[in-house]
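Predicted model, so just to flag it, every value in this text is computed and none were measured. Along the sequence shown, the residues carry numbers beginning at 1.
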Amino acid sequence: IMTHPTSAASRARRTHQRATWLSKEWRQRDRPWPVPWRYLYVMGEDGSPTPRVSPSSTTAISGDSLRLLGTAEGYRNLVHKVVAAMRWAATEVDFDVLLKADDDVVVHVSSLYDWVWRLPPQRRHALYAGYVWRGKPVVRSDKLSQSWGRWAVPYEQYGEPTYPPYADGSAYALGRD
């Protein structure tokens with residue numbers, strides 16, 4: 001499954017993607033079978049009315065879109081939206097690998113599928129893959145301009161000078177485990 005965090009403002013981008021690479025029938029390499037995959041655009045609540053399946057429901061699905069009820073929309077809430085989408089997928093979807101890709105990322109689904117399915121099952125289930133950053137300095141607001149302030153991490157939260165290795169947030173794959 002592939003989740004695409006997005007917002008109401010990105011409607012034109014979603015329309016274009018649906019008309020191009022998302023509508024393509026991706027095929028397995030050297031085989032005539034289609035790649036078994038599904039994508040969902042993930043949105044938080046933006047104040048517009050959203051029908052609930054039940055009063056206790058925390059999600060609403062409409063076509064290829066998942067609305068996370070109780071998760072506010074906006075850049076500052078992006079990490080909460082991504083985590084909520086992962087929790088939803090872990091409990092509601094049968095998958096081996098989850099790909100989180102920003103809504104401005106294009107994925108060659110066949111190539112990703114072929115690579116993932118060549119991995120041994122135990123490695124596939126414990127997968128954490130993407131463009132890995134190593135030795136990235138921690139952003140501190142006292143050293144950089146105000147434009148970096150939203151990414152600043154106080155020493156009290158993380159005292160190391162660099163982050164441990166991590167996959168870039170624009171796209172990464174996670175195994176079921």
Novice: Counting only pairs under 3.5 Å, give me each side-chain donor-acceptor contact of residues 101-108, with atom names and distances, residues two or more places apart or in other chains.
Specialist:
from   : atom 1 : to     : atom 2 : distance (Å)
Asp102 : OD1    : Lys100 : NZ     : 2.4
Asp103 : OD1    : Arg13  : NH1    : 2.7
Asp103 : OD2    : Thr6   : OG1    : 2.6
Asp103 : OD2    : Ser10  : OG     : 3.3
His108 : ND1    : Ser111 : N      : 3.2
His108 : ND1    : Ser111 : OG     : 2.9

Novice: For the CH2 atom of Trp88 and the CG atom of Leu98, what is their distance to the nearest 0.5 Å?
Specialist: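 So the CH2 of Trp88 and the CG of Leu98 are separated by 9.5 Å.
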Novice: Evaluate the side-chain proximity of Pro36 to Tyr113: yes if any heavy-atom separation is below 4.5 Å, no if none is.
Specialist: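 Side-chain contact under 4.5 Å: yes.
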Novice: Evaluate the side-chain contact (heavy atoms from CB on, under 4.5 Å) criterion for residues Leu22 and Met2: first the C-alpha distance (whole Å), next the side-chain angles of each, then the deciding distance (0.1 Å), finally the verdict.
Specialist: CA-CA 11 Å; Leu22 287 176; Met2 179 169 46; 4.2 Å; yes
Novice: Side chains of Gln17 and Tyr41: is there a donor and an acceptor less than 3.5 Å apart?
Specialist: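 There is such a pair (donor and acceptor under 3.5 Å, judged by atom type) between the side chains of Gln17 and Tyr41.
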Novice: Glu160: what forms a salt bridge (Lys or Arg N to Asp or Glu O under 4.0 Å) with it, not counting sequence neighbours?
Specialist: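 Glu160 satisfies salt bridge (Lys or Arg N to Asp or Glu O under 4.0 Å) with no other residue.
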Novice: Less than 6.0 angstrom from the centroid, inside 45 degrees of the normal: does Lys24 satisfy that with respect to the ring of Trp21?
Specialist: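 No, cation not above the ring by the 6.0 Å, 45° rule.
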Novice: Could you measure the distance from the CG atom of Leu119 to the CG atom of Asp96? Nearest 0.5 Å is fine.
Specialist: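 One finds 11.0 Å between CG of Leu119 and CG of Asp96.
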Novice: Could you tell me whether the side chain of Ser110 and the main chain of Arg27 form a donor-acceptor pair under 3.5 Å?
Specialist: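 It does hold such a pair.
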Novice: How close do Thr71 and Ala84 get, heavy atom to heavy atom, and via which atoms?
Specialist: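 Closest approach of Thr71 to Ala84, heavy atoms only: OG1-CB, 4.0 Å.
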Novice: Rounded to the nearest 0.5 Å, what's the gap from CH2 on Trp26 to CH2 on Trp37? Could you check?
Specialist: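 CH2 of Trp37 is found 7.5 Å from CH2 of Trp26.
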Novice: Just wondering, are more than 12 heavy atoms of other shown residues or ligands nearer than 6.0 Å to CZ in Arg18?
Specialist: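 More than 12 heavy atoms, drawn from other residues, nucleotides or ligands, come within 6.0 Å of this atom.
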Novice: How long is the straight-line distance from CH2 of Trp115 back to CZ of Arg124, given to the nearest 0.5 Å?
Specialist: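 So the CZ of Arg124 and the CH2 of Trp115 are separated by 10.5 Å.
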Novice: If I compare all heavy atoms of Val35 with all of Gln28, which pair ends up nearest, and what's the gap?
Specialist: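 Val35 and Gln28 have their closest heavy atoms at CG2-N, 3.9 Å.
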Novice: Give, for atom CD of Glu73 and atom CG of Leu78, the distance between the pair rounded to the nearest 0.5 Å.
Specialist: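 The CD atom of Glu73 sits 8.5 Å away from the CG atom of Leu78.
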Novice: Hey, are the side chains of Lys136 and Thr162 touching, using non-hydrogen atoms and a 4.5 Å cut-off?
Specialist: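 Contact flag for Lys136/Thr162 side chains = no.
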Novice: In Å and rounded to the nearest 0.5 Å, what is the CG to CD1 distance from Leu66 to Ile61?
Specialist: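 Rounded to the nearest 0.5 Å, the CG-CD1 separation comes out at 5.5 Å.
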Novice: Under 3.5 Å, side-chain donor or acceptor atoms of residues 163-177 against the rest of the protein: list the pairs with distances, not counting sequence neighbours.
Specialist:
from   : atom 1 : to     : atom 2 : distance (Å)
Asp168 : OD1    : Trp133 : NE1    : 2.7
Asp168 : OD2    : Ser170 : N      : 3.0
Asp168 : OD2    : Ser170 : OG     : 2.6
Arg176 : NH1    : Val93  : O      : 2.9
Arg176 : NH2    : Ala90  : O      : 2.8

Novice: Please answer whether the main-chain N or O of Gly44 pairs with a side-chain N or O of Arg67 as donor and acceptor at a distance below 3.5 Å.
Specialist: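 Indeed, once roles are kept as given, a pair shorter than 3.5 Å links the two residues.
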